[in-house]
Each structure stands twice: as structure tokens, then as C-alpha cells.
Amino acid sequence: MTQLADNIILLLAALLLVGVFSTKFSTKFGMPALVLFLAAGMVLSQFIFFNNASLTQMAGIFALVVILFEGGMQTSIKDIKPIIRPALSLSTVGVLLTTAIVGVFAKLILEVSWAESFLFGAIVGSTDAAAVFSVLGGKNIDKRLTSTLEAESGSNDPMAVFLTVSLIEWIQHPDMAIWGLVLSFIWEMAVGLVIGIVLGKVAVYLINRINLDSTGLYPVLAIGFAVLTYGLSALVHSSGLLAVYVMGLTLGNSELMYHRTIMNFSHGFAWMMQIFMFILLGLLVFPQELAEVAWQGILLSVILMVVARPIGVFISLLFSRFSIREKTLISWAGLRGAVPIVLATYPLLANLPHGRLFFNVVFFVVLTSAVIQGTSISPLASRLKLVGQEDSAQPSLMELVALGKTDSEFNHIGIEPYMPIAGQKISDIGLPDDILFTAIIRNKSIVTPHGSTVIEPGDTVYVLSPKSKRDEMRAFFRSQKGKTAEENISLI
């Protein structure tokens, strides 16, 4: 048993490392990282038998909670305010049109009932903006376009989930009243929105006022609220995914203590969940089964990309101020990602006759969409002349250091009595011009360093210095015998 546990831990470590390094290749080739994660899972499925759709669905939903929370945290309300109407139109009318058009063709291609064909359309109805932004990273695309795609992705997932669950219930209970579904939709969206806002404000209040022993607990508290938001929403039969996105939106656009700490943790955690989720989804499919639905998958992918999505976008944005070129890019940027594959497990668990067929075809559609559209979005944006020069806005000092895009770094060093600078004024230390004391933490208070400030034992000194002069900087904190303090280089 111990050997098995060790092997599983080793496998998880390998998966994480492969997932992280694969993002470098995805950026280089302009392909969403999810393709490589799925491929890794498919390769592993040849050696590990895994057929637990229930576990996959549960893991997928938890991952979506983290991903949507992080997406909400990163979304600026100021950016989405001007485009909220077209974004909501895309996430409602656009999804409905996509569902209907794909459903009609699925009826003919998959030879299933009308209800099942529309179920297939609903499953592939939502987009994945995270995949789009991973491809367009570093490109200066019009803010309206990126904000629209971002807002659409955060609000169209709940619509796709609602349609999928409702259609499964309709298939299982054909006598269900349509008016009941309409009222259910209004309830799910309205209550989910309210719960997201309320719990978001509660989370902001607690984070700003609670005094935890460690700053590392604040991101955990925020993630805990995100999971709580989904759980409470699901308990009252409202849209948990919408509630989580709105909760993250509320948190990210509020005055929040440890905002950057929470953001960095959520970003890393979301990446980790994406890696595990896509690999797990890849494990659930068998390549030989994909080959059996290859022509159906390719045909439906083409219909989704060049027929259903463009019609949905152009009709949804009929009264918007987007140009034809911008609508074209929005149409082509409708990559499918995590949600369709997770939703494809619903028919499996509902034991629908064509549940396995749907899962395999949806998987194929997502994979081909990501490969074909993912590698061509950036060239298309350039061809449509929607790509400008590099953003001229200057990043903040903290962003430059945190992203490793500068030759300088922050150090924080605890001052011990044996250090030569202990008890000295900063002006007497003789710091070179390019080494700067930026702050001193003393007795849980921040002291602004001046030339007359005395460095005292017990202080924590924050230093900004060039990476090339790291040894020279540390020499100021080293005794004549070479004894040095415990140093923590912190990228902020």
C-alpha cells in the first residue's frame, strides 16, 4: 500500500511538472495549454484504466469554481461596464443560437432524437476565454474585444449548464412544462447573482477586519468563500458558477487587504486545477473510441466554428457598435474548453443511451477547436488589423519584479546583533547608488528609511538591488567571520 501511494505521488509530481513546462510550448506554438494537458491524459489512459465519470465531474466542477473565481478576481468592472450588454447578449442569445444550430446538424450527423441533438448543442455552447488569452498573451488587442470575451466566458458557462441539465430532465421526463424551465432559469440566474454579490461583500468585510496569524491564510479564506458560494447556490438550486464568478468580481474590485497575495495564490491554484482537471478528463477518454467518431467530430467542429458560432455572434451583436472585423475575431475566438467536457459527463451519469457517444464527440470537438482556432487566432487578429503595438502603459514596479521582467529584485533580511550594520545610521553604511533600502519593519510597524534612520537588531529591512550585485548587497549583512542572517528573497 505504501509503495502504491509513493507511486501515485510520484505520478502526480510528474504530471504537475509536465503541465507547467508544457505551457512554454503552448505559448511558442500559439496553442492553448489545455491541448497538451488533454494529450497527456490520453497517453496515460493507455497505461492506467480510469472510467469514473462521477469523480471526474466532481473534480471538474471544483476546478471550475477555482478557475471562475480567479477569472472574476482579475476582471475589472471598469473595463466590462461599457460592454456589459453585448457580453450578456453573447452569453444568452448567442448560446441559445449556437445550441439550436449545432443541435439541428447533430440530429442529422449523430442520428439521435431532437432532444438529444439539442442537448449536444447545449454542451458545446460555452466558450473558454482562458484559452483565448493564453494564445493572445502579449498582443495589444482592443480592450473592448478582450473585455467582451472575458465577460462572455464568465457568464455563458451558467447558461450552458442550465440548458444541459434542463434538456437531460426533459429527455427523462418528456411531459415537463416549458414554463417551468423558464421560471427555473430566471430563479437560477437571479438568485445566483444575488448570492455572489452578498457573499462577495461578506468576504471583503471579513478579510479586511479579521486578524489571522499568517498572511498565507487569507488566500485560503478567499478560496473557502468561493467554494461556500457555489455550495450555497447549489443548495437553493441557483447557478453556482455564476455566483462564484460574481463573488470573485466583487472581491477583485474592492479595497482588499492582501489583494496581491490572494491574486497570486488564486492564479497559481487555478493553473494547478486546470492541469489536473484536463489530465483527468483526458484519462476518461480512449483514443481508439475517438477514431470511431472522427468524421462526426470533424464535421461538427467545422459547423460550430464557421456556421453556428459566427451566426450566434453576429445576431447577438446586431445592435452593438462592433465592426464586422471585430465581430469576425470574436466569432473565431470562441474556443471550447473545460466546461463542454465537464458537461459531457452529465449524460454519462444520467445513463442516457448516447451518453458515451456524446462524451467522445464533445471531446473531439473541443480538441480540434483548440488546435485549429487556437493556432490561428493570433494570425487572424493581425490580418484583421486588430493587433497594435506593444502596450505603452508602464507596468508597476511590483508587477515587473513579480514577473521577473527586470534585472532587479527585492530582498527582505532580518537584522541580527552580530551584523556590522546593526546600530548604524543608513547614511554611515555607504550603500552604492543602485542598492536601496525601501522599507523597514520594526515592532509590526513600517518605518520609512532616511539617512538618519538607525538600523536596529530585530528589524526586517527590505532592499531593492540589481541581481548582478546580490553578493555585494549581502556583504553589508555579513559579519567579519562570514556569519550571515537567514535571507528570504521575495518577489513581490
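Numbering of residues begins at 1 and proceeds along the displayed sequence. As the structure is a computational prediction, the values presented were derived from the model and not from experiment.
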Exercise. So how far is it from Leu280 CG to Leu55 CG, rounded to the nearest 0.5 Å?
Worked result: 6.0 Å
Exercise. Nearest heavy-atom pair of Ser323 and Glu326: which atoms, and what distance?
Worked result: N-OE1, 2.9 Å
Exercise. Where do Phe162 and Met189 land on the side chain to side chain contact (heavy atoms under 4.5 Å, CB included) test, with the steps shown first?
Worked result: CA-CA 9 Å; Phe162 169 78; Met189 299 303 157; 4.3 Å; yes
Problem set entry | Main-chain N/O of Val339 paired to Asp157 side chain as donor or acceptor, under 3.5 Å | no
Seminar exercise, completed: Looking only at heavy atoms, the pair that brings Tyr245 and Leu68 closest together is CD1-O, 3.7 Å
Problem set entry | Evaluation steps, side chain to side chain contact (heavy atoms under 4.5 Å, CB included), between Ser301 and Met305 | CA-CA 6 Å; Ser301 291; Met305 289 185 285; 4.1 Å; yes
Exercise. Quick one: does Phe314's side chain get under 4.5 Å of Thr328's, heavy atoms only?
Worked result: yes
Exercise. For Leu108, does the CG atom have more than 12 heavy-atom neighbours from other residues, nucleotides or ligands under 6.0 Å away?
Worked result: yes
Problem set entry | Side chains of Trp114 and Val104 in contact at under 4.5 Å (non-hydrogen atoms) | yes
Problem set entry | Ile210 and Leu221, any side-chain heavy atoms less than 4.5 Å apart | yes
For this session: State whether the side chain of Arg336 and the backbone N or O of Val124 hold a donor-acceptor pair below 3.5 Å, judged by distance alone.
Result: yes
For this session: First locate atom CZ of Phe185, then atom OG of Ser239, and finally report the distance between them rounded to the nearest 0.5 Å.
Result: 9.0 Å
Problem set entry | Polar side-chain atom of Lys327 near backbone of Leu317 as donor-acceptor pair, under 3.5 Å | yes
Problem set entry | Atom pair CG/OG1 of Leu163 and Thr98 - distance to nearest 0.5 Å | 10.5 Å
For this session: Go through the steps for Val191 and Ser233 under the test side chain to side chain contact (heavy atoms under 4.5 Å, CB included), then give the verdict.
Result: CA-CA 8 Å; Val191 175; Ser233 301; over 6 Å; no
For this session: Tell me, with the steps shown, if Thr261 and Tyr218 meet side chain to side chain contact (heavy atoms under 4.5 Å, CB included).
Result: CA-CA 8 Å; Thr261 302; Tyr218 288 93; 5.8 Å; no
Exercise. Do Ser266 and Ile223 have side chains that get closer than 4.5 Å, going by heavy atoms?
Worked result: yes
Exercise. Hey, which of Thr250, Ile84, Asn253 is the one that makes side-chain contact (heavy atoms from CB on, under 4.5 Å) with Ile77?
Worked result: Asn253
Exercise. Taking atom CZ of Arg325 as the centre, does the number of heavy atoms from other residues, nucleotides or ligands within less than 6.0 Å exceed 12?
Worked result: yes
Problem set entry | Nearest atoms (heavy-atom pairs only) where Ile67 meets Met277 | CD1-CE, 3.9 Å
Exercise. If you round to the nearest 0.5 Å, how far is CZ of Phe359 from CD1 of Ile123?
Worked result: 10.5 Å
For this session: Provide the closest heavy-atom pair for Ser316 versus Leu90 in the form atom of the first, atom of the second, distance.
Result: CB-CD2, 3.9 Å
For this session: Please confirm whether the backbone N or O of Gly216 pairs with a side-chain atom of Ser214, one donor and one acceptor, at under 3.5 Å?
Result: yes
For this session: Output yes when a side-chain donor or acceptor of Ser91 lies under 3.5 Å from a complementary backbone atom of Leu88, and no otherwise.
Result: yes
For this session: Check whether any side-chain heavy atom of Leu97 lies under 4.5 Å from a side-chain heavy atom of Arg309, and answer yes or no.
Result: no
Exercise. Does His354 reach the main-chain N or O of Val112 with its side chain, forming a donor-acceptor pair under 3.5 Å?
Worked result: no
Exercise. Are Pro353 and Glu116 close enough that some pair of their side-chain heavy atoms sits under 4.5 Å apart?
Worked result: yes
Exercise. Which pair of non-hydrogen atoms, one from Ser376 and one from Trp332, has the smallest distance, and what is that distance?
Worked result: OG-NE1, 2.8 Å
Exercise. Any side-chain heavy-atom pair from Leu304 and Ser369 closer than 4.5 angstrom?
Worked result: no
Problem set entry | Between CG on residue Leu38 and CZ on residue Phe363, distance to nearest 0.5 Å | 4.5 Å
For this session: Look up atom OG1 in Thr127 and atom CD in Glu152, then write down how far apart they are to the nearest 0.5 Å.
Result: 4.0 Å
Exercise. Under a 4.5 Å cut-off applied to non-hydrogen side-chain atoms, are Thr345 and Leu284 in contact?
Worked result: yes
Problem set entry | Closest heavy-atom pair and its distance - Ser126, Ala160 | CB-CB, 3.8 Å
Exercise. Do Arg144 and Glu150 sit within salt-bridge range, that is, some charged N less than 4.0 Å from a carboxylate O?
Worked result: no
For this session: Verify side chain to side chain donor-acceptor pair (under 3.5 Å) between Ser166 and Glu169, making sure each step is shown before the conclusion.
Result: CA-CA 5 Å; Ser166 297; Glu169 291 181 2; 5.5 Å; no
Exercise. Between the side chain of Thr375 and the main-chain N/O of Val371, is any donor-acceptor distance below 3.5 Å?
Worked result: yes
